[in-house]
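In what follows, a structure is listed as C-alpha cells, so that the remarks can point back to it.
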Amino acid sequence: MAPNFITEIIERDLQSGKYPQVVTRFPPEPSGYAHLGHIFASFLDFQTAAQYGGRYHLRMDDTNPELATQEYADAIADDLRWLGWDWGEHLYYASDHFEQYYAYAEQLVGQGDAYVDSVTGDEMARLRGDARTPGTPSPYRSRTPEENLDLLRRMRAGEFADGAHVLRAKIDLGSPNMKLRDPVLYRILRGHHYRAGDAWCIYPMYDFQHPLQDALEGVTHSMCSLEFVDNRAIYDWLMERLGFSPRPHQYEFGRRGLEYTITSKRKLRKLVEAGAVHGWDDPRMPTLRAQRRLGVTPEAVRAFAAQIGVSRTNRTVDLSVYENAVRSDLNHRAPRVMAVLDPLPVTLENLDGPQTLSLPYWPFDVVRDSPDGLVALPTGERVAPEVAVRDVPLTRELVIERDDFNPEPPKGFKRLTPGGTVRLRGAGIIRADRFDVDDSGQVTRVYATLLGEDARAGGVIHWVSAEQGVPAEFRLYDRLFRVPNPEAATPEDAQAEPIAPDFDPEEIGHEDETKPLDAGFMAFLNPDSLRVTRGLVEPSVTRDPAGTRYQFERQGYFWRDPVDSREDALVFGRIITLKDAWAKATQKAEAPAKAPKPAKVQSQKTEPTEKAAPAALTPEQEAEVTRLTALGVPDAEARTLARDAALLAFLGGAAQDGTFAQVASWTANDLAPGLRAGEVRVQAADLAPLAALLSDKKVTTRVARDVLTRAAQTGEAPAAMVERENLAGGLSDEALSAAIAQVMADHTDKVDAYRAGKTALLGFFTGQVMRATGGKADPATLNTSLQAALNG
RNA sequence: AGGGAUAUGGUGUAAUGGCAGCACAACAGAUUUUGGAUCUGUUUGUCUAGGUUCGAAUCCUAGUAUCCCUGCCA
C-alpha cells in the first residue's frame with residue numbers, strides 16, 4: 001500500500017505511542033456477495049494493519065435481523081480468504097455482542113445521556129426539523145433516568161409492539177449536523193436473527209453498535225467511506241460518554257468505482273433475475289466469486305487494489321488498470337499453448353506422415369527475464385527452460401483461425417493470403433496455393449505447401465492438428481456493458497462522465513430496498529458480452545492440472561471453466577484478451593470519427609467568463625473597508641477583514657500605528673481560520689513589536705511568520721520568543737556563504753543539473769539554505785549570492 | 001437552503017511553502033517465430049479570480065463544480 005493520509009496518521013500514532021500496535025477491521029454486512037468495489041475497502045483495512053505489524057479483524061456487521069444471513073457471511077469470509085487474508089481467530093459477529101451493547105445502553109440511560117421516546121416515526125421525523133429549522137424536543141425527552149431505565153428494560157422484555165418506542169441518544173436537537181439530533185440507538189423489531197435467534201426483540205442501530213464494537217475489539221483505526229463523516233460526531237460522543245481509553249478513531253476514505261461496471265446489489269440481482277447473466281458467479285459479474293470463476297488470481301486482484309490509491313475523494317477507476325493487473329499477473333504465470341477458437345481447415349499437401357514437435361511453453365523473453373533462470377511447467381514445477389516443453393502433433397490436416405486467412409486482405413494484413421506465406425508457430429512457413437468456397441462464398445478449406453526454412457514470411461499464426469486436436473468449447477467474455485458508466489442517468493452521461501460509484505464499499509448490504517429501482521442500466525448491456533465457439537485445443541492440455549491457466553497464443557488467457565468443464569467435454573473460458581494493436585488499428589481505420597471522451601472539466605473552465613463577482617459587502621462593511629484602507633491596509637485584505645466579525649474583534653486590540661497594516665495582514669492571511677475557531681491565544685497588541693522587528697529587518701519574514709504561528713498556539717508574546725530564542729539579527733555574510741557552499745557540496749548532482757539549464761532548481765537551493773540557516777537568511781541577498789555561486 | 005467533504009494530465013495517485021513525480025492509457029521508435037511481452041522516447045496537468053510570500057498545487061479570501069447528511073438501514 002502506497003503512502004497515503006491514513007498511513008500517515010498511523011505512523012504518527014505509532015510514533016507517539018498512542019497505540020502499541022495498529023488494529024483494523026473490515027466490517028461487511030453479510031447481506032450480499034462481495035464484489036470488486038469491496039476489495040478496495042478490505043484491502044485498505046487489512047493491508048495497512050499487516051504493513052504496520054498490526055492485527056486485522058473480519059467482522060460481520062449483522063445487527064439487522066432482516067438482512068443478514070449465514071450463507072452470505074460464509075461467502076464473504078470465503079472470498080476474502082481466497083484473496084489471501086488470514087485473520088486468525090479474529091472473526092467477529094456483531095450479533096454475538098448484543099448483551100454488551102445493551103449494558104452500555106443502560107449505562108447511557110443511567111447517565112441521562114439517552115431516553116426512551118414514544119412518538120411515531122413520522123412524528124419523530126417532523127420534530128427533527130430540517131436543515132433550516134432546528135429540531136424540537138419530543139414530549140418524552142424529559143423522562144427521568146429511572147423512567148427510561150424501566151421502559152428500556154420492558155422494551156427488551158418484549159412488553160411493547162414493534163415501533164412503539166425507541167431509545168435515543170440525548171445530544172443536540174439544534175445541531176446543524178442532522179446526525180446529532182438525538183439519533184436512535186435501539187428499535188423494537190421482532191425479526192428472527194440468523195444467529196441470535198429470537199433472543200432479542202430490540203436491535204441496536206449502526207451508530208450505537210459500530211463504535212462500541214470497534215472499542216470492544218480494541219480497534220485503533222476504524223476506516224469507513226466518506227458518507228460517514230457526519231456520523232463521526234456520534235462516534236466521538238459515544239466514546240467520550242462511555243469513557244473508552246484508549247479509544248478507536250474513525251477515518252473516512254473516498255470510494256472507488258470501476259468503469260463499465262455496476263456494483264449495486266439490487267441491480268446485480270436484477271441482472272441475475274432477468275437472465276442477463278447466468279448467476280452470481282457468472283464470470284461477467286463483478287462479484288469476487290465471479291472473478292474467481294473467471295480465472296483471475298488473488299494476486300492480480302491485490303495488485304489492482306494496491307495500485308488504485310487512497311484519497312478523500314470518490315473516484316471511478318479506469319478499467320484498463322484492472323485489466324493491466326490481470327494481464328501482467330498472467331503473463332508470467334500462464335504457459336503458452338495453442339488453440340483454434342474458430343477453425344478453418346488447412347491441408348498441408350506436401351506433408352506425408354504425422355510428426356511430433358517439441359515446443360517450448362514460454363517465449364524467449366519470459367525465459368530471459370526469469371529471476372532464477374527456471375520456468376514453470378503447467379504443474380507449477382519450476383524447471384530449466386530446455387525441458388519446459390510439450391509435444392505438439394503436426395499432421396497433414398490442420399485448422400487455423402478463420403480470421404487468419406483472408407482472400408481480400410486489407411492493407412497491413414500480416415497473415416495468410418492466397419499465394420502468400422505465413423509462419424505456423426513452431427512448425428515452419430507455409431504458402432497458400434488455393435482454397436475452396438461454399439455457395440455463400442465462405443472459405444471452407446485452404447490447400448497449402450510447407451516450405452523450407454529459407455522461405456520468408458511476414459507473420460506468424462497459431463494452429464492445431466485437425467486429427468489430434470481436442471475439441472473444446474470456448475467462452476469468450478467481454479465487458480458486460482457497452483458504456484463506461486452504466487448507472488448514469490442519461491445515455492450521454494453513460495458514455496462519458498464518470499459518476500460516483502453507487503455502492504457502499506464497506507457495508508455490503510447498504511442499500512435502500514424501498515426506493516424504485518432505476519433499470520435504465522439494462523439498456524446499456526453489451527449484447528456480445530458472451531460469445532461461445534467450438535474449436536480445437538492442442539492435446540497436451542489434457543494432461544495438465546485442471547486449474548492451469550494458459551495463454552492460448554495470440555488469443556488471450558484461458559482456463560477450464562471450474563463449473564462446466566469436464567474431461568470429455570472441455571470448456572475453456574477466456575480470462576482476458578491479449579492487447580490487440582491490430583484490432584485497434586483496423587477499428588480506428590473504420591471509425592475514425594469516434595470522438596475522444598469529452599473533457600469534463602473543460603466546460604467548467606470556460607464557463608466563468610462573466611467573472612464571478614465576490615459577494616457584495618453591506619454598507620457597514622464598506623465603511624470598515626474605508627477605515628482599514630486609511631490605516632494602510634491593502635484593499636483585498638481590508639475586504640477580507642471587514643466581512644468577518646471575529647477578525648475585526650481581534651484587530652480591535654491592535655496598535656493603530658505604523659505596524660497596523662502588518663498586523664492586519666497577519667490577521668487576514670495567517671490567523672483567520674484559527675480566530676474563527678477561537679483557537680488563537682496570542683493578543684493583537686503583542687504583535688506590534690514583532691511587526692516592528694520585521695520592518696527594521698531585525699527578523700526575516702520567514703522567522704516572523706514562524707514565531708507568529710507558534711505564538712498563536714502558546715499565547716506567548718512573539719517579541720519575547722524572538723528574544724529568548726535569539727532569532728533577531730541577520731546572518732553574517734560568512735555564515736551565509738558557508739551555508740551556500742555546504743548545500744552545494746551536499747547536492748552536486750543538482751548543481752550540475754542547474755548548470756545544465758535546469759534553473760527551476762534555484763528554488764530548491766533557496767529552500768535548502770533557508771532550512772540550514774533556520775530561516776534567518778535574507779531572501780534578497782541569499783538569492784543574489786546563490787546565483788553567483790551557482791553560475792560561478 | 002443549513003451543515004459537512006472534495007477538486008493535480010484522458011484515468012488514478014504523489015509532492016506536508018522550494019525540482020510538478022509515478023502508474024495506467026495514448027502516440028512514436030527499437031526489438032520480437034504471439035499484431036503479445038520487453039526496452040527507449042514523446043504528448044498531456046495544479047477548478048477560477050484575487051491576496052500573502054524572495055518563492056504557492058500547498059497558506060488566506062471569495063467564487064465555481066461535484067458528492068454526502070434531514071431511516072426505527074448499514
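Just so we're clear, the structure is a prediction, and the values are computed from it rather than from any experiment. Residue numbering restarts at 1 for every chain, and letters A, B, ... go by the order of the sequence lines.
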Pairing partner of [N] (Watson-Crick or G-U wobble, both distances under 3.5 Å):
N	result
G45(B)	none
A65(B)	U6(B)
A23(B)	U11(B)
G29(B)	C39(B)
G55(B)	none
C72(B)	none
G17(B)	none

Nucleotide of [options] approaching [X] most closely (side-chain heavy atoms):
X	options	answer
Pro176(A)	G3(B), G36(B), C19(B)	G3(B)
Met770(A)	G18(B), A1(B), C73(B)	G18(B)
Asp230(A)	G4(B), C60(B), A25(B)	G4(B)
Glu227(A)	A56(B), C68(B), G50(B)	C68(B)
Thr640(A)	U61(B), C72(B), C19(B)	U61(B)
Glu637(A)	G35(B), G51(B), C54(B)	G51(B)

Rounded [atom1] spacing from [N] to [M] in Å:
N	M	atom1	answer
A7(B)	U42(B)	C1'	28 Å
G9(B)	U58(B)	P	14 Å
C24(B)	G41(B)	P	14 Å
G10(B)	C27(B)	C1'	13 Å

Counting the atoms with a prime plus P, OP1 and OP2 as sugar-phosphate, which does [X] contact under 4.0 Å by heavy atoms, base, sugar-phosphate, or nothing?
X	answer
Glu553(A)	base
Val633(A)	nothing
Asn64(A)	sugar-phosphate
Gln551(A)	base
Asn231(A)	base
Ala780(A)	nothing
Pro673(A)	sugar-phosphate
Arg126(A)	nothing
Arg327(A)	nothing
Phe5(A)	nothing
Thr766(A)	base
Asp365(A)	base
Val366(A)	nothing
Pro204(A)	sugar-phosphate

Nearest-angstrom distance from the residue atom [atom1] of [X] to [atom2] of [N]:
X	N	atom1	atom2	value
Asp778(A)	G55(B)	CG	P	13 Å
Leu641(A)	G50(B)	CG	C1'	15 Å
Phe228(A)	G71(B)	CZ	P	15 Å
Asp635(A)	U52(B)	CG	P	11 Å
Gln307(A)	U11(B)	CD	P	18 Å
Asn314(A)	C68(B)	CG	P	8 Å
Arg643(A)	G50(B)	CZ	C1'	12 Å
Arg315(A)	G10(B)	CZ	C1'	13 Å

Got a donor-acceptor pair under 3.5 Å from the side chain of [X] to the base of [N]?
X	N	result
Arg415(A)	G35(B)	yes
Asp580(A)	G36(B)	no
Arg336(A)	U34(B)	yes
Asp130(A)	G2(B)	no
Arg554(A)	U34(B)	no
Arg702(A)	G18(B)	yes

Is any side-chain N or O of [X] closer than 4.0 Å to OP1 or OP2 of [N]?
X	N	result
Arg128(A)	U70(B)	no
Arg425(A)	U33(B)	no
Thr701(A)	C54(B)	yes
Lys579(A)	A25(B)	yes

For a side chain to side chain contact (heavy atoms under 4.5 Å, CB included) check, start with the C-alpha distance between Arg255(A) and Leu226(A), then their side-chain angles and the critical distance, and finish with the verdict. CA-CA 7 Å; Arg255(A) 298 178 294 188; Leu226(A) 233 31; 5.8 Å; no
Is it the case that the side chain of [X] and the backbone of [Y] share a donor-acceptor pair, with hydrogens and angles ignored and the cut-off at 3.5 Å?
X	Y	value
Arg755(A)	Leu790(A)	yes
Arg168(A)	Asp182(A)	yes
Arg256(A)	Gly254(A)	yes
Arg554(A)	Phe552(A)	no

Just confirming the chi classification of G71(B), syn or anti, using 90° around 0 as the syn window.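 For G71(B), whose glycosidic angle is within 90° of 0, the conformation is syn.
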Rounded to the nearest 0.5 Å, what separation is found between the OG atom of Ser225(A) and the CG atom of Asn314(A)?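 These two atoms lie 7.5 Å from each other.
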Do the charged groups of Asp230(A) and Lys179(A) touch, with an N to O distance under 4.0 Å?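 Salt bridge between Asp230(A) and Lys179(A), a charged N being under 4.0 Å from a carboxylate O: no.
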Salt bridge (charged side-chain N to carboxylate O under 4.0 Å, His left out) partners of Asp236(A), counting only residues at least two apart: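 If we apply the salt bridge (charged side-chain N to carboxylate O under 4.0 Å, His left out) test to Asp236(A), skipping adjacent residues, the hits are Arg247(A).
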Please identify each residue that fulfils salt bridge (charged side-chain N to carboxylate O under 4.0 Å, His left out) with Asp670(A), with sequence neighbours left out.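 Listed in chain order: Arg705(A).
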Validation row, ring centre Tyr203(A) to ring centre Tyr186(A) under 6.0 Å: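 Between Tyr186(A) and Tyr203(A), which both carry aromatic rings, the centre distance is not below 6.0 Å.
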Stacking check: are the rings of Phe764(A) and G18(B) less than 5.5 Å apart at their centres and under 30 degrees in tilt?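 The base of G18(B) is not stacked with Phe764(A) (the test needs centres under 5.5 Å and planes under 30°).
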